[in-house]
Structure formats: structure tokens, C-alpha cells
Amino acid sequence: MGVSVYQKGMVPEMAKYTKQDIINMVAEEDVEFIRMQFTDIEGNFKNVAITASQLEKALNNNCMFDCSLVKGMIPTGNADMFLYPDLDTFTIFPWRPQQGKVARFICDVYHADRTPFEGDCRYILKKALHEAKKMGYTFEVGPECEFFLFHMDENGKPTTNTNEQAGFFDMGPLDTGENTRRDIVLTLEDMGFEVEASHHEKAPSQHEVDFRYDEALVTADNIMTFKLAVKTLARHHGLHGTFMPKPRKEFSGSGMHINMSLHKDGVNLFSDPTDKNGLSKEAYYFIGGLMRHAKGICAVTNPLVNSYKRLKPGFEAPVYIAWSTIGENTLIRVPNIRGEHTRIELRNPDPSANPYLAIAACLMAGLDGIQNHIVPEPQVMDNIHALSEEQAKERGLQKLPTDLQAACCEMKNDFLVRDLFGTRVFEQYCASKEAEWKEYDAQVTNWEIESYLYKI
């Protein structure tokens, strides 16, 4: 997974746009500003904005910024980095003015010596995809992204307040966010998304939009664009869109289920019609790898203190490491569709995760399962949420980490994330997560005040 191998092996086979195509579109569409976007290690979109007069400079990979000013992107030497725009990610924001339009590129980050920056999460995903490519595989991913739409206060600050009482698949007038969700879907389609479905989720003011699966890098880019669109358009409707995993203790939290499939020579590698479950041996091994590394990658798929408030019994999110072809609430589910659409769904990730890192970690866990023939434990055939903790122990079911500190410990004890990130980036990521936990652990909460102040 060295840089030289990556640079030779990850050149796109066929580009969607040429430089001249971009220049022509910017002129024809009256684009005045272009955002050079990249994602930091925490999963936040950042950008350097340029005017159309600087387009050719940017297209020649000469847009520079100071990486040391971005949290989690700490270089070892020269902090000056270059942004290399991925031409195929060019899009015009439909929500910006129609005169003097605003467009964007999603960019890769390169060192001043023109080698890929190891702390660029897009580069980390590309490394993982290159490992799959060496095995003859392509990796396709489809996300299920959930989010909340809450009211803002009179000063325009976000709250967790809602007057809505809608539930699964409800519609207006119960679903008061219906118009906002419709606007989000139509805008995404304007930007080239193929939205397969959208609906109200279980909790009041909770929504889900599912867009079509695609190659893993495209999907990660799409998740970042989707989150930006939701937040922007929610504000246009006077609401606050949030991907916080568990904003209200009494509601189910928001997940980002990751549906995955491997393909070889254009054929879905997970399908085997001769198997009793319709699954190939590679599918079983991939599940085995995910189960083996579920604890170790949890600090990546569930990266916040708040993430673990969602992973509690009674709220449909997975708690135990198990898989099933029929159960709805296991960590790993194989949806009831086979053939070319066979896929494996990992259900613990949440939408606060950096999609590049989360998808890369899932892929490497699955590939480890295939390479080392990791056979999963037998599937769970009954309702796993009906089991008591004692019953789960009797059946040998392991639990996911219960907080961010435990997840960091598991990550340190599992080689996978360290090998994927590289030692320096891994240590930076661990330090960031451990600092978050320590800051949280030092807080005196309202619960403590209410429970102890008047009694002791």
C-alpha cells in the first residue's frame, strides 16, 4: 500500500470530464465562484474558494493552502499543500444564485513535493480500494443516511425541539418536514444523484434518504455532498438539519447503514445460488472479517462520544456482534435479495462517521476475512433484542464497545486501522478521540446536578 504503487494503480480508467469541458461549463453557466472542497480527518467538509479567473490554475493542480490550520491534518514538515480537483466531482450548487453561480470540486490533498498527503482521508480510501483491485475486486457501497430536522430558536441557534409526532413512513400533515425532504430530494437529483427512496423514520422529525449504490469512492463523495445539501436546505426552510447520532435520549438515534458488495469481472462475488442462504464462501468470509474487526473499527464507524448513546438496548440499533439473513436488528444483516443484488449490510455506523474512513475500514475488515478464510459464527435466527444480557453471554455473543474510550482501546488492540491509516495518522486520530473522551468525562452534567446537588 505504498505511495508509488498507489500512484501507478489508481489512475482513473475513464474520466467523465476533461479540463476543457470544465472551462466550457464554467463560462456557459456563468459560474463566478468555485469551492475547492476536501474532507478533514474528523469528517468535516473544508474548502478554499477561488474565482473563475483562477480556474486554469486550479485545474493544473496549483491551488495551495496551509494544512497546519486544519484540525487532524498535521504534517511532519512543510505545511503547504496542494488541492488536486477530481474533475468528475464538478457540480454547480442549485441552491446558490442563478447569476454568478457557485460550483465545486472535491479535491485530493498533495504535499508540496507532489506526493499524496497520507493524512488525506480520500487517499486512505483509495489505498484500500487498491488492495481490493489487486485481488481483482471492485467495491460497491450503498448508504442509508438518517438525520433529524429540528426547530431553531429566535436567535437562529439550533435546538432539539420539535412539535412533530410522526413515525415510520408517515406523511403530511403528521410529517411536518415532508416539504423540506422533498426539496432535498429534488435538489440532489439536480446534482446528479439517483435517489431511490425517502421517508419519515421512526423518531419524530427523523428522516431517511437513500441514494443508489455506486463505487465506493463515489459513494463517499456523495455522502459528504448529501450532508451539505441537507444542512443547507434545512436552513432555507427555517430548520436545523443534524446528523448527530443521538440528539434526544427518548428517541431512536440516526444510523448510516452501509450496504456492501464485491464484484469480480462484473459479477457479484457474494452470490451463490447453490448455497442454502444464496451466499458465496467469499460472502461468509467477508462477514467473518467484519465480525472479527467490529470492535476494532468501531471508533471509526462510530467516532463520537454521542455515538455510543445510540448503541443501547431498546432503540433498534445493534448491541451484539452477530449476523442474520432474517433478523432485522443484528449488527450484520443480509437483505432478502439475491443474485446480482446480493449485499451485506453493516448496521452500527452512524452519519457522524467520516465516510471515506468508515468505508475503507469496512472494506479492509472484509478483505481480511477473505484472505484468511475467517468463518463467521452461526447466524442468529431469533430476535436478538429479546435476549437478556445473561442469555447473550450464554450464547457467546460479544458486545460492541459501550463508549468511545472502550472503542479507542479496541482500535489500539486491532492491527487493521493502524495498518490502514499508517502509524502517524493513526496516532493523530487516536489522540483526537481520546481528547474528546477526556473532555466529556470531565464535564459535570445536568443529570449529576439533579441527582446529587440537593441530596448530598
Axial cation check for Tyr429 ring with Lys433, 6.0 Å and 45° limits: yes
Flag, side chain of Asp170 to backbone of Gly167, donor-acceptor distance under 3.5 Å: yes
Pairing of Lys134 and Glu131 as salt bridge, 4.0 angstrom limit: yes
Listed once per pair and sorted, the ring-ring contact (aromatic ring centres under 6.0 Å, His included) pairs that draw on residues 388-407, sequence neighbours left out: none
Output field: ring centroids Tyr123/His130 closer than 6.0 Å: no
Neighbour count above 12 (heavy atom, 6.0 Å) for His236 NE2: yes
Residues that Asp382 engages under salt bridge (charged side-chain N to carboxylate O under 4.0 Å, His left out), provided they are two or more places apart: Arg395
Side-chain (Asn259) to main-chain (Gly142) donor-acceptor, under 3.5 angstrom: yes
Parallel, tilted or perpendicular, as decided by the 30° and 60° cut-offs, for the rings of Trp437 and Tyr440: tilted
Over all atoms of both residues, closest heavy-atom pair of Asn354 and Asp40: ND2-O, 3.0 Å
With Val375 via side-chain contact (heavy atoms from CB on, under 4.5 Å) - residues at least two apart: Tyr285
Residue among Val334, Val141, Ile337 satisfying side chain to side chain contact (heavy atoms under 4.5 Å, CB included) with Arg343: Ile337
Of all pairs that satisfy salt bridge (charged side-chain N to carboxylate O under 4.0 Å, His left out), the ones with a partner from residues 216-240, not counting sequence neighbours: Arg122-Asp221
Side chains of Thr138 and Glu215, donor plus acceptor under 3.5 Å: no
Side-chain H-bond candidate by donor/acceptor type, His111 with Glu118, under 3.5 Å: yes
Backbone of Tyr308 reached by a side-chain donor or acceptor of Lys246 within 3.5 Å: no
CD/Glu439: more than 12 non-hydrogen atoms of other groups inside 6.0 Å: no
Aromatic plane relationship, Tyr84 with Tyr110 - under 30° parallel, 30 to 60° tilted, over 60° perpendicular: parallel
Residue pairs involving residues 247-273 (criterion salt bridge (charged side-chain N to carboxylate O under 4.0 Å, His left out); sequence neighbours excluded): Arg248-Glu250
Residues which pass side-chain contact (heavy atoms from CB on, under 4.5 Å) with Cys409, listed by chain and number, not counting sequence neighbours: none
Check: Phe169 ring centroid to His199 ring centroid under 6.0 Å: yes
Electrostatic pair Glu146-Arg310, nearest N-O below 4.0 angstrom: no
Heavy-atom closest contact (Ala322 atom, Leu397 atom, distance): CB-CD2, 4.1 Å
Parallel, tilted or perpendicular: ring planes of Phe147 versus Phe243, cut at 30 and 60 degrees: tilted
Phe45 atom CZ, over 12 foreign heavy atoms within 6.0 Å: yes
Aromatic centroids of Phe65 and Phe38 separated by under 6.0 Å: yes
Under 3.5 Å side-chain donor-acceptor pair for Thr342 and Asn268: no
Pair Ser252, Gln206: side-chain N/O donor-acceptor within cut-off below 3.5 Å: no
